[in-house]
Peer 1: 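Dumping the structure here so I can ask a few things about it.
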Amino acid sequence: MPQSEDQGGPFNIGQAASQSGVSAKMIRHYESLGLLPSVHRTEAGYRQYGDKQVHILRFIHRARTLGFSMAEIAELLKLWQNQRRASADVKRSARSHVADLERRIAEMEAMRQTLAQLAHCCQGNQRPDCPILTELSG
């Protein structure tokens with residue numbers, strides 16, 4: 001479970017991962033995408049993270065949990081860091097994401113219904129006839 005933000009620092013990548021709920025591999029990935037600014041490195045080349053970077057990682061983690069894409073997260077991060085932002089811009093992004101989720105849910109429901117119907121029609125016995133395979137071979 002992530003610890004509170006006032007733990008100090010610097011943190012190595014494992015500690016930052018533990019505090020943010022983001023794996024070390026994903027931290028490196030977010031850095032490579034520019035979602036997380038480059039961090040200070042020790043003379044030996046080890047990354048050192050502070051509270052600010054851990055807070056950003058938590059933000060990214062929460063956004064990913066809600067299903068936002070990397071591009072959407074990049075935009076949300078810009079809005080979050082811009083104290084002069086308009087909340088209307090944030091709301092627009094959230095509503096757009098909700099509409100996308102609703103579209104995807106409808107597509108998945110249609111797939112579920114089709115597959116359930118095909119499974120219902122299949123005898124499921126030792127015979128080779130199978131409406132599922134017949135439908136897939138189209």
Side-chain angles (χ1 to χ4, degrees):
M1 176 173 213
Q3 299 173 9
S4 67
E5 291 177 36
D6 58 351
Q7 295 296 313
F11 307 109
N12 66 32
I13 197 166
Q15 293 166 321
S18 175
Q19 289 198 19
S20 66
V22 175
S23 71
K25 180 179 179 179
M26 289 308 296
I27 291 173
R28 289 186 203 96
H29 180 63
Y30 296 151
E31 271 188 74
S32 73
L33 294 175
L35 294 176
L36 183 66
S38 295
V39 295
H40 174 75
R41 290 181 178 254
T42 65
E43 287 183 21
Y46 293 104
R47 293 170 170 89
Q48 292 188 311
Y49 300 86
D51 286 334
K52 180 180 178 182
Q53 290 84 19
V54 170
H55 197 154
I56 292 169
L57 288 167
R58 285 185 188 132
F59 182 98
I60 295 169
H61 179 68
R62 289 180 190 125
R64 289 293 298 152
T65 299
L66 291 174
F68 283 100
S69 69
M70 293 300 171
E72 291 168 326
I73 292 172
E75 184 60 31
L76 288 169
L77 276 169
K78 287 178 190 173
L79 290 167
W80 180 51
Q81 294 166 343
N82 177 1
Q83 296 301 310
R84 297 175 58 161
R85 69 183 169 263
S87 65
D89 294 335
V90 181
K91 185 174 183 174
R92 187 173 18 265
S93 178
R95 285 189 175 213
S96 174
H97 185 58
V98 167
D100 183 53
L101 288 173
E102 289 171 345
R103 179 191 55 76
R104 290 169 37 203
I105 289 167
E107 289 172 354
M108 291 179 75
E109 179 59 26
M111 287 187 284
R112 187 196 67 74
Q113 287 177 357
T114 299
L115 189 55
Q117 179 61 32
L118 289 170
H120 175 74
C121 292
C122 181
Q123 296 296 317
N125 55 24
Q126 299 303 315
R127 299 188 63 206
D129 300 333
C130 180
I132 299 169
L133 295 177
T134 302
E135 176 67 22
L136 291 176
S137 67

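Computed from heavy atoms alone, side chains included, the values below leave out hydrogens, waters and symmetry copies.
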Peer 1: If we only count heavy atoms from C-beta on, is the I60 to V22 side-chain gap below 4.5 Å?
Peer 2: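 I60 vs V22: side chains apart.
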Peer 1: Could you tell me whether the side chain of I73 reaches within less than 4.5 Å of the side chain of R64, counting heavy atoms only?
Peer 2: yes
Peer 1: Starting at CD of E75, measure out to OG of S69 and round the result to the nearest 0.5 Å.
Peer 2: 10.5 Å
Peer 1: I would like to know whether V39 and Q48 meet side chain to side chain contact (heavy atoms under 4.5 Å, CB included); could you show each step before the answer?
Peer 2: CA-CA 6 Å; V39 295; Q48 292 188 311; 5.9 Å; no
Peer 1: Under a 3.5 Å threshold, yes or no: a donor from one side chain and an acceptor from the other, between T114 and Q117?
Peer 2: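 No, because no side-chain N or O of T114 sits under 3.5 Å from a partner of the opposite role on Q117.
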Peer 1: With heavy-atom distances below 4.5 Å as the criterion, would you say the side chains of H55 and W80 are in contact?
Peer 2: yes
Peer 1: Distance check, rounded to the nearest 0.5 Å: Q53 atom CD versus Y30 atom OH?
Peer 2: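 If I round to the nearest 0.5 Å, the distance is 15.5 Å.
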Peer 1: Ignoring hydrogens and geometry, is there a side-chain-to-backbone donor-acceptor pair from R95 to A99 under 3.5 Å?
Peer 2: no
Peer 1: Can you name the closest pair of heavy atoms from A24 and A17 and give their distance?
Peer 2: N-CB, 3.8 Å
Peer 1: Answer yes or no: is there an ion pair linking E109 with R112, defined by an N-O contact shorter than 4.0 Å?
Peer 2: yes
Peer 1: Please report the interatomic distance CD1(I27) to CD1(I13), rounded to the nearest 0.5 Å.
Peer 2: 5.0 Å
Peer 1: Quick check: is Y46 connected to L36 through a chain of hydrophobic side chains (ILVMFWY, heavy atoms under 4.5 Å apart)?
Peer 2: no
Peer 1: Got more than 12 heavy atoms from elsewhere within 6.0 Å of CZ, R41?
Peer 2: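 Count over threshold, so yes.
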Peer 1: Treating S20 as the side-chain partner and A16 as the backbone partner, does any N or O pair qualify as donor plus acceptor under 3.5 Å?
Peer 2: yes
Peer 1: Indicate yes or no for a side-chain donor-acceptor contact from S93 to the backbone of V90 under 3.5 Å, with no hydrogens or angles considered.
Peer 2: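 A pair under 3.5 Å: no.
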Peer 1: When rounded to the nearest 0.5 angstrom, what distance separates CD in E135 from CG in L133?
Peer 2: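 Here the interatomic distance stands at 11.0 Å.
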Peer 1: Cluster question for you: counting only ILVMFWY and a side-chain heavy-atom cut-off of under 4.5 Å, with indirect links fine, are M111 and L115 together?
Peer 2: no
Peer 1: With a sphere of 6.0 Å drawn around CD of E107, does it hold more than 12 non-hydrogen atoms of other residues, nucleotides or ligands?
Peer 2: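 Atom CD in E107 is crowded, with more than 12 foreign heavy atoms closer than 6.0 Å.
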Peer 1: Is it true that, when you exclude M108 itself, more than 12 heavy atoms of the residues, nucleotides or ligands shown sit nearer than 6.0 Å to its CE?
Peer 2: no
Peer 1: Looking at side-chain heavy atoms only, is the closest gap between D129 and Q123 below 4.5 Å?
Peer 2: no
Peer 1: Side chains of K78 and N82: closer than 4.5 Å at any heavy-atom pair?
Peer 2: no
Peer 1: So does H29 get a backbone contact from the side chain of S32, meaning a donor-acceptor N/O pair under 3.5 Å?
Peer 2: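 Such a contact is found between S32 side chain and H29 backbone.
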Peer 1: Which atom names give the shortest non-hydrogen contact between I56 and P37, and what distance separates them?
Peer 2: CD1-CD, 4.3 Å
Peer 1: For the side chain of T65 and the backbone of H61, is there at least one donor-acceptor N/O pair under 3.5 Å apart?
Peer 2: yes
Peer 1: If we ignore hydrogens and angles and just use 3.5 Å, is the side chain of H97 paired with the main-chain N or O of L66 as donor and acceptor?
Peer 2: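 Yes: the side chain of H97 pairs with the backbone of L66.
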Peer 1: Just how far is it from atom CZ of F68 to atom CZ of R62, taken to the nearest 0.5 Å?
Peer 2: 13.5 Å
Peer 1: Using the rule given for side chain to side chain contact (heavy atoms under 4.5 Å, CB included), can you reason through Y49 versus N12, listing the C-alpha separation, both sets of side-chain angles and the distance that settles it, and then say yes or no?
Peer 2: CA-CA 6 Å; Y49 300 86; N12 66 32; over 6 Å; no
Peer 1: Taking the side chain as every heavy atom from C-beta outward, state whether F11 and Q19 have any atom pair closer than 4.5 Å.
Peer 2: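 The answer is yes, as the side chains (C-beta and beyond) meet within the 4.5 Å cut-off.
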Peer 1: Starting at CD of E31, measure out to CZ of R47 and round the result to the nearest 0.5 Å.
Peer 2: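 Reported to 0.5 Å precision, the distance equals 4.5 Å.
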Peer 1: Can you get from V98 to L76 by hopping between Ile, Leu, Val, Met, Phe, Trp and Tyr side chains that sit under 4.5 Å apart?
Peer 2: no
